[in-house]
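Step one of this worksheet: look at the structure below.
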Protein chains: 2
Amino acid sequence: MRDKEQTYKQIIETAFSMFSEKGFDQTSMANIAAEVGITKPAVYYYFKSKDDLIKGLFDIIAKEIQSITSIDLKEMNDTDLRTILYSLGKKAISLQKQNLQFNQLFNQYLLLAARDSYYSEKITEIQQKFFNTFYDLFKHAVKMKAIKDENILIKSQLLGLVFDNITNFILTDTKLDFDLVWREAVDNTLRGIEL
Amino acid sequence: MRDKEQTYKQIIETAFSMFSEKGFDQTSMANIAAEVGITKPAVYYYFKSKDDLIKGLFDIIAKEIQSITSIDLKEMNDTDLRTILYSLGKKAISLQKQNLQFNQLFNQYLLLAARDSYYSEKITEIQQKFFNTFYDLFKHAVKMKAIKDENILIKSQLLGLVFDNITNFILTDTKLDFDLVWREAVDNTLRGIEL
DNA sequence: GTCTATACAGCGATAGAC
DNA sequence: GTCTATCGCTGTATAGAC
């Protein structure tokens with residue numbers, strides 16, 4: 001006999017991989033059910049509609065995204081800003097290369113956001129937090145007298161944009177040396193404001 | 001009586017605006033036909049399938065994208081690299097704000113690229129050309145003795161990434177001062193290599 | 001060259017048995 | 001909790017009239 005929690009989890013996991021690979025519209029509730037090994041109505045027992053399943057999955061991955069991009073400011077005490085930024089990028093790049101599905105799926109939600117405020121509001125919030133992470137890091141460095149308090153809002157936003165688009169381009173076939181570009185971005189940003 | 005060229009053009013234009021607003025899957029051939037004022041089979045007379053229409057539209061906007069991001073190197077003689085880069089960004093930002101549909105549609109093709117090599121190959125080519133535009137600009141500036149020949153490949157790629165993601169974020173509700181961020185990116189990049 | 005009419009597959013979703 | 005069966009609808013696509 002099948003366990004309820006287990007089935008729920010299996011549906012979510014199957015939806016994640018099928019949605020990310022084939023897209024929302026090319027994945028039917030029947031497809032998901034078949035992959036899990038149950039029938040369509042059984043899926044409807046757990047999710048009252050397809051939209052409900054898509055939203056449920058979003059809430060899960062939205063949480064994961066936040067934890068990936070969050071930085072523990074306590075680390076800052078040990079080491080300098082440049083080193084932290086370097087390793088932040090390195091970590092994100094290798095993580096992203098392993099886990100292409102994740103961004104593939106998230107990009108679909110970005111498209112939905114243009115037509116559904118449920119997604120646009122939450123995604124805006126995620127992006128704002130993401131930029132704040134960089135800003136906080138710079139503010140903290142100022143407080144620690146590691147850098148000058150010069151244009152750090154714009155500088156942190158700039159690094160955020162680079163960081164974000166590096167992870168986007170990893171999905172494509174465009175050949176770029178992401179590690180080098182990230183280091184260049186960090187170096188260019190810090191040049192002139194270091195103490 | 002309806003003109004053949006005219007009808008074809010109307011279908012393309014209608015497909016462009018409906019696909020960008022509602023998405024490929026939420027726009028049926030019947031929807032497009034109704035909007036144009038003809039019937040569904042009439043659309044099939046011009047495009048043998050929906051995929052065919054989607055591909056046809058892609059080929060058209062792919063050309064437009066190339067012309068937007070291309071720079072005439074002859075301009076370089078009159079003015080300096082910094083000014084060119086500033087105005088390049090300014091132009092793209094205001095263009096993008098007026099023309100949100102365009103990127104909205106292109107992002108859908110980016111998703112298709114993950115599952116269809118027809119798109120991934122052409123998009124990779126577009127992206128490569130895009131980065132080359134920046135690289136050529138830097139190489140030209142080196143030749144004109146405007147900047148040092150120092151890391152210019154990576155620097156041009158970095159600016160390309162910023163440029164591209166600025167146009168992406170214009171689509172979202174995230175509040176960023178794009179003009180300022182772009183100027184900061186240009187300034188950071190040129191600092192230290194100017195002659 | 002453009003239409004009407006229609007075939008046919010697949011979708012999301014529900015009723016009701018077990 | 002999961003099933004069979006089925007509904008209603010919409011989608012792509014085509015045959016054939018005009």
Side-chain angles (χ1 to χ4, degrees), chain A residues 1-60 105 108-109 111-116 118-119, chain B residues 1-60 105 108-109 111-112 115-116 118-119:
Chain A
M1 184 175 171
R2 195 178 270 280
D3 180 270
K4 186 177 169 175
E5 287 272 310
Q6 179 96 19
T7 306
Y8 179 87
K9 222 174 148 184
Q10 271 184 281
I11 293 172
I12 288 284
E13 279 166 12
T14 305
F16 173 83
S17 71
M18 294 189 86
F19 282 153
S20 62
E21 273 159 33
K22 309 207 295 168
F24 293 137
D25 300 283
Q26 297 304 313
T27 306
S28 71
M29 294 297 260
N31 292 153
I32 294 170
E35 189 74 19
V36 173
I38 56 180
T39 57
K40 195 165 54 168
V43 178
Y44 276 92
Y45 171 78
Y46 292 95
F47 299 93
K48 72 173 200 286
S49 69
K50 189 179 181 180
D51 281 348
D52 194 46
L53 172 56
I54 291 175
K55 277 190 176 148
L57 188 57
F58 174 76
D59 293 337
I60 291 170
L105 182 59
Q108 293 182 60
Y109 286 110
L111 279 179
L112 284 189
R115 285 163 231 126
D116 186 332
Y118 178 85
Y119 297 108
Chain B
M1 184 176 172
R2 194 177 271 282
D3 182 88
K4 185 180 172 173
E5 287 272 311
Q6 179 94 21
T7 307
Y8 180 87
K9 221 173 148 183
Q10 271 184 282
I11 294 172
I12 287 285
E13 279 166 11
T14 305
F16 173 83
S17 72
M18 294 189 86
F19 283 153
S20 62
E21 272 159 33
K22 310 206 295 167
F24 294 137
D25 300 284
Q26 298 303 313
T27 306
S28 72
M29 295 295 259
N31 293 153
I32 294 170
E35 188 75 19
V36 173
I38 57 179
T39 58
K40 195 165 52 170
V43 179
Y44 276 93
Y45 170 76
Y46 292 95
F47 299 92
K48 72 172 201 286
S49 70
K50 189 179 180 182
D51 281 350
D52 194 46
L53 172 57
I54 292 176
K55 276 189 178 153
L57 186 58
F58 174 76
D59 293 338
I60 290 169
L105 182 58
Q108 293 182 60
Y109 285 110
L111 277 180
L112 284 189
R115 286 164 228 128
D116 186 333
Y118 178 85
Y119 297 109

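What you see below is based on every heavy atom in this structure, not just the backbone, and it leaves out hydrogens, waters and symmetry mates. Residue numbering restarts at 1 for every chain, and letters A, B, ... go by the order of the sequence lines.
Ring geometry for A:Tyr119 versus A:Tyr109: interplanar angle of 30 to 60°, hence tilted.
For the pair A:Thr39 and D:dT2, the criterion of a side-chain N or O lying under 4.0 Å from OP1 or OP2 is not met. Side-chain N/O atoms of A:Tyr45 include none lying less than 4.0 angstrom from OP1 or OP2 on C:dT14.
Nearest to the side chain of A:Ile38, among D:dC3, D:dT14, C:dC3, sits D:dC3. Among the nucleotides C:dT2, D:dT2, D:dC3, the one closest to any side-chain atom of A:Pro41 is D:dC3. With D:dA13, C:dT2, C:dC3 as the candidates, the nucleotide lying closest to the side chain of B:Thr7 is C:dT2.
A heavy-atom distance below 4.0 Å to DNA chain C is reached by none of the residues of residues 16-26 of chain A. Residues from residues 49-58 of chain A lying near DNA chain C, meaning a heavy-atom separation below 4.0 Å, are A:Ser49, A:Lys50 in numerical order.
When the C1' atom of C:dT14 is taken as reference, atom OH of A:Tyr46 falls 18 Å away, rounded to whole Å. Rounded to whole Å, the distance from NZ on B:Lys40 to P on C:dC3 is 14 Å. Between B:Gln6 atom CD and C:dG1 atom P there is a gap of 16 Å when expressed in whole angstrom units. Distance B:Asn31 CG to D:dT10 P: 10 Å, rounded to the nearest Å.
Contact between A:Ser20 and B:Arg115 at its shortest, heavy atoms only, is O-NH2, 4.2 Å. The heavy-atom pair separating B:Gln108 from B:Phe19 by the smallest distance is NE2-O, 2.8 Å. Nearest heavy atoms, B:Lys40 versus B:Ala33: N-CB, 3.6 Å.
Between A:Tyr8 and A:Phe47, the ring centre distance stays below 6.0 Å.
Looking at A:Thr27 and A:Glu35, their side chains never come closer than 4.5 Å, going by heavy atoms from C-beta outward. By the 4.5 Å heavy-atom criterion applied to side chains, B:Thr39 and B:Tyr44 are not counted as neighbours.
Judged by distance alone, with hydrogens and angles left aside, the side-chain atoms of B:Gln10 form no donor-acceptor pair with the main-chain N or O of B:Gly37 at under 3.5 Å.
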